[in-house]
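Have a look at the structure below before the remarks.
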Amino acid sequence: MVALRAALTGLPSYIPAKQIPGAAPLASNESPYGLLPAVAALLRAPQADLSRYPDMASTRLVAAIAAHHGVDADQVAVGAGSSEVCGQLLHAVVEPGAEVIFGWRSFEAYPMLTAVAGGTAVRVPLRDDALDLDAMAASVTDRTRLIFVCNPNNPTGTALGAEGLLRFVAAVPERVVIAVDEAYREYVDPGRSLDASVALRDRPNVVVLRTFSKAYALAGLRVGYCVGPREVIAQVRKAQVPFSLGTLAQKAAIAALGDAGEVARRVQLTVAERERVAERLRALGFAVPQSQANFLWLPLGRSSAAFAQHCLAGAVVTRPFPDEGVRVTIGRPEQNDAFLDLTEKWLTSS
Ligand SMILES: *Cc1c(COP(=O)(O)O)cnc(C)c1O
């Protein structure tokens, strides 16, 4: 028998969302509005330079991201999606026996990437569908190297209050890196949760993860980044797989950053739809937590898989977490209406 790493063989394989032609794809939190106009224009132009290797340092993209956040270029590290940047961060801090703390349930990539990096995952149960920051801080040991704080949390959508997050950061020792994953920051009401890339900028152990996959509608091209202290960023850069960020991805992300007005317009549409759908679901009796992201969480427990199957039969693809709940992405209004119709049918048939 081939000798394989037990840390990985023990992990479940990632189950991709079902791809059904014609169905509403509400399983992966993508933008429902297609490519940004600036990105579409770029992709129509000839790309002769693709026969050459990309700029390994992503110099222009890093400069554009740094300008966007008002930081220096050496405070930014990029990767092929913020999933890869999570991995880079893990490789930069994890040594054998190191513990990595995150809430659970949270982003599915955390346990997988932690295992791949050779770390030990410490899952801290959610409380009322939200991260339990006190319990997470209490889980820190001498072996803790990294804490993922997913804000808003995927898949529940809940956002952390400013006070709680500041208290948490103050309670965690400075030798432990805190990665605030703000994949959905664009959808957050600024008054409800702080922007860690601004409020925690001066902390020596806080990095902020962002992605172009959600509000920037670039999930298929794979671009993510983190902003943080120079000493940490320098190591995160070393952990990137060489050339993982292609030329087209670098250019598209720069174009997307330049299309801020359109991004804001789409975010407004999604936020308005999120509130409309959430209100309707609550009126129907679903205990949907307050979401600050582009998706909603239906805590359906044992009915989760059956509910998702019911939606699938009605041409709406959602993301079930068996025995826990179902996450549904906010799509275009007509897609959301199709989903709401299915939830009403579900209630009358069960
Ligand atoms: C979608 C998502 C990401 C971003 O993934 P990419 O690899 O950039 O596509 C990161 N964190 C969370 C919590 C997410 O939901």
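First listed ligand is number 1; within each ligand, the first listed atom is number 1. We use all heavy atoms of the structure for the numbers below, so side chains are in, but hydrogens, waters and symmetry mates are not.
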Side chains of [X] and [Y]: donor-acceptor distance under 3.5 Å anywhere?
| X | Y | value |
| --- | --- | --- |
| His68 | Tyr225 | no |
| Ser106 | Asn153 | yes |
| Glu99 | Thr141 | yes |

Please tabulate, one line per pair, the protein nitrogen or oxygen atoms found under 3.5 angstrom from a nitrogen or oxygen of ligand 1, with distances to 0.1 Å, or say none if there are no such pairs.
from: ligand 1; atom 1: 7 (O); to: Ser82; atom 2: N; distance (Å): 3.3
from: ligand 1; atom 1: 7 (O); to: Ser83; atom 2: N; distance (Å): 2.9
from: ligand 1; atom 1: 7 (O); to: Ser83; atom 2: OG; distance (Å): 2.6
from: ligand 1; atom 1: 7 (O); to: Arg222; atom 2: NH2; distance (Å): 2.6
from: ligand 1; atom 1: 8 (O); to: Ser82; atom 2: N; distance (Å): 2.6
from: ligand 1; atom 1: 8 (O); to: Ser82; atom 2: OG; distance (Å): 3.2
from: ligand 1; atom 1: 8 (O); to: Thr211; atom 2: OG1; distance (Å): 2.6
from: ligand 1; atom 1: 8 (O); to: Ser213; atom 2: OG; distance (Å): 3.4
from: ligand 1; atom 1: 9 (O); to: Ser213; atom 2: OG; distance (Å): 2.6
from: ligand 1; atom 1: 9 (O); to: Arg222; atom 2: NH1; distance (Å): 2.8
from: ligand 1; atom 1: 9 (O); to: Arg222; atom 2: NH2; distance (Å): 3.3
from: ligand 1; atom 1: 11 (N); to: Asp181; atom 2: OD1; distance (Å): 3.2
from: ligand 1; atom 1: 11 (N); to: Asp181; atom 2: OD2; distance (Å): 2.7
from: ligand 1; atom 1: 15 (O); to: Asn154; atom 2: ND2; distance (Å): 2.8
from: ligand 1; atom 1: 15 (O); to: Tyr184; atom 2: OH; distance (Å): 2.6
from: ligand 1; atom 1: 15 (O); to: Lys214; atom 2: NZ; distance (Å): 3.3

- Message: With a 3.5 Å distance limit and no angle check, can you tell me whether Arg5 reaches the backbone of Val116 through a side-chain donor-acceptor pair?
- Response: yes
- Message: Which label fits Phe295 and Tyr184: parallel for a plane angle under 30°, tilted from 30 to 60°, or perpendicular past 60°?
- Response: perpendicular
- Message: Show, in sequence, the C-alpha distance, side-chain angles and deciding distance for Trp297 and Phe321, and conclude whether the ring-ring contact (aromatic ring centres under 6.0 Å, His included) test is met.
- Response: CA-CA 10 Å; Trp297 176 246; Phe321 297 89; 5.8 Å; yes
